[in-house]
Amino acid sequence: MSAVNDTKVQFAVFLLSGIPGHEDVHLWVSIPFCIMYAISLVGNSFLLFIIKTDPSLHEPMYIFLSMLALTDLGLSISTMPTILGIFLFNSREISLDACFAQEFFIHLLQGIESSTLLLMAFDRFVAICNPLRYASILTLPRVAKMGLVCVLRGVAVILPLPFLLKRFQYCRSNVLSHSYCLHQEVMKLACADITVNNIYGLSAALLTMGLDSLLIFLSYVMILKTVLSIASRTESLKALNTCVSHFCAVLLFYVPEFGLSVIHRFGNSSSHLLQFVLGYFYLLVPPLMNPIVYSVKCKHLRARIMRVFIK
């Protein structure tokens with residue numbers, strides 16, 4: 001019988017990680033995670049229900065908001081089984097195919113959320129910089145086409161990722177540092193040259209979230225320029241106030257996303273704690289906070305929600 005070189009053994013499963021070295025507190029950590037997931041699912045579902053049942057909310061701004069809520073629901077559902085599985089049942093194993101499927105949906109939904117935030121920025125740009133043409137520019141058929149383009153772009157860019165990972169053998173290690181699968185982490189476990197994956201993954205991130213964030217920044221520059229040209233200070237503040245909720249959603253999404261991407265590619269072992277915090281923050285907090293922020297800051301939406309509870 002020939003000896004088997006351990007470094008050439010193909011792993012059949014990956015092992016996900018909770019909080020390494022602190023497994024005794026996993027059950028306690030699961031409590032806030034369960035609460036966050038419950039609030040995310042209920043909050044986004046309720047937001048979708050309000051927008052769907054109220055004809056006065058069938059406007060571009062709220063249609064984009066419903067797209068954001070759908071994406072947040074998808075992110076919560078795609079990560080909840082593995083995260084809660086670890087912290088509640090210590091279920092760490094995930095098959096390679098299941099891992100590739102999870103990373104596809106995570107990256108796809110993040111790309112769609114980034115595109116949705118861009119569409120919402122465009123909505124605010126038109127509403128503030130060209131209000132007289134708002135209704136003619138953002139018609140419902142055009143809004144539907146814009147949403148479809150965002151979904152198709154996400155699928156086209158992200159679809160190659162799991163196939164690029166599937167062609168590898170994984171023999172260096174099978175332990176992931178998160179409770180879910182990410183492309184930039186899984187590819188490092190392959191016992192092969194990952195240059196193509198690295199370049200494509202970085203290019204995909206730049207062409208989606210990098211480009212979207214740049215366009216959002218430019219839209220806010222134009223919005224700020226228009227607002228500062230308004231003579232009335234009251235009108236200026238009123239115009240800016242309509243952007244507050246979207247600006248909060250942008251910060252909640254992009255800051256941890258870019259931070260985690262940089263740490264994965266250029267970080268070292270000393271950044272493990274920051275990587276852990278950002279890893280959970282960017283998947284759990286935006287779906288939790290987005291419906292809360294928009295419910296508080298959007299006057300029309302807040303009034304509709306209050307009418308539901310007052311009844």
Side-chain angles (χ1 to χ4, degrees), residues 16-23 25-44 47 68-88 99 102-103 105-117 120 176-186 201 205 208-210 212-213 216 244-297:
L16 302 170
S17 299
I19 309 177
H22 299 280
E23 286 76 10
V25 300
H26 277 187
L27 187 59
W28 293 104
V29 173
S30 69
I31 296 175
F33 280 2
C34 288
I35 294 173
M36 292 172 74
Y37 271 122
I39 295 175
S40 299
L41 295 175
V42 173
N44 286 291
L47 205 60
L68 186 68
L70 275 173
T71 307
D72 284 338
L73 273 176
L75 275 173
S76 296
I77 293 170
S78 63
T79 58
M80 182 167 47
T82 53
I83 292 179
L84 294 186
I86 288 176
F87 288 100
L88 285 174
C99 186
Q102 185 183 51
E103 66 90 15
F105 283 110
I106 289 176
H107 291 298
L108 172 63
L109 291 167
Q110 285 177 331
I112 295 175
E113 180 151 352
S114 177
S115 300
T116 303
L117 291 173
M120 297 173 82
L176 301 172
S177 59
H178 293 297
S179 304
Y180 47 86
C181 297
L182 294 176
H183 174 262
Q184 58 265 37
E185 186 182 11
V186 173
T208 53
M209 284 173 277
D212 292 344
S213 60
I216 290 172
V244 170
S245 52
H246 177 260
F247 187 70
C248 291
V250 168
L251 291 179
L252 285 172
F253 179 77
Y254 282 109
V255 171
E257 172 69 32
F258 284 135
L260 188 63
S261 181
V262 169
I263 288 175
H264 269 300
R265 286 183 168 84
F266 309 110
N268 50 46
S269 58
S270 63
S271 61
H272 179 75
L273 178 60
L274 183 59
Q275 177 178 320
F276 172 81
V277 173
L278 289 177
Y280 286 106
F281 185 96
Y282 94 119
L283 283 180
L284 297 177
V285 175
L288 170 72
M289 293 303 300
N290 285 338
I292 297 174
V293 170
Y294 276 96
S295 298
V296 171
K297 294 302 297 180

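For Ile83, the side-chain contact (heavy atoms from CB on, under 4.5 Å) partners are Phe33, Tyr37, Thr79, Phe87, Ser179, Tyr180, Tyr280, not counting sequence neighbours. Remark: Pro287 pairs with Ser40, Asn44, Asp72, Ser76 by the side-chain contact (heavy atoms from CB on, under 4.5 Å) rule, at least two apart or across chains.
For the atom pair CG (Leu251) and CG (Leu117), the distance works out to 10.5 Å, reported to the nearest 0.5 Å. A distance of 9.0 Å separates OG1 in Thr71 from CZ in Phe253, rounded to the nearest 0.5 Å. One finds the OG atom of Ser213 at 10.0 Å from the CD atom of Glu257 (value rounded to the nearest 0.5 Å). To the nearest 0.5 Å, atoms CE (Met80) and SG (Cys34) are separated by 9.0 Å. Interatomic distance, Tyr254 OH to Ile216 CD1, rounded to the nearest 0.5 Å: 3.5 Å. In this structure, Thr116 OG1 and Asp212 CG are separated by 9.0 Å, a value rounded to the nearest 0.5 Å.
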Checklist entry - side-chain contact (heavy atoms from CB on, under 4.5 Å) between Val255 and Tyr282: does it pass, once the steps are laid out? => result CA-CA 8 Å; Val255 171; Tyr282 94 119; over 6 Å; no

Checklist entry - When you look at Leu68 and Met120, which way does the side-chain contact (heavy atoms from CB on, under 4.5 Å) test go after all the steps? => result CA-CA 9 Å; Leu68 186 68; Met120 297 173 82; 4.1 Å; yes

Next on the checklist: Using the rule given for side-chain contact (heavy atoms from CB on, under 4.5 Å), can you reason through Val285 versus Leu252, listing the C-alpha separation, both sets of side-chain angles and the distance that settles it, and then say yes or no?
Outcome noted: CA-CA 7 Å; Val285 175; Leu252 285 172; 3.9 Å; yes

Checklist entry - Is there a side-chain contact (heavy atoms from CB on, under 4.5 Å) between Asn290 and Glu113 once you walk through the steps? => result CA-CA 12 Å; Asn290 285 338; Glu113 180 151 352; 3.6 Å; yes

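Within the 3.5 Å criterion, the main-chain N or O of Leu27 finds a donor-acceptor partner in the side chain of Ser30.
Residues His107 and Thr208 fail the side-chain proximity criterion, which asks for heavy atoms closer than 4.5 Å. Residues Thr82 and Gln102 are in side-chain contact: their nearest non-hydrogen atoms beyond the backbone lie under 4.5 Å apart. Taking 4.5 Å as the limit, some side-chain heavy atom of Cys99 sits within range of a side-chain heavy atom of Leu176. Side-chain contact between Leu283 and Ile106: present, with at least one pair of heavy atoms (C-beta onward) separated by less than 4.5 Å. Residues Cys181 and Leu16 are in side-chain contact: their nearest non-hydrogen atoms beyond the backbone lie under 4.5 Å apart.
Summarising the geometry of His183 relative to Gly201, their closest heavy-atom pair is CE1-CA, 4.2 Å, with the distance given to 0.1 Å.
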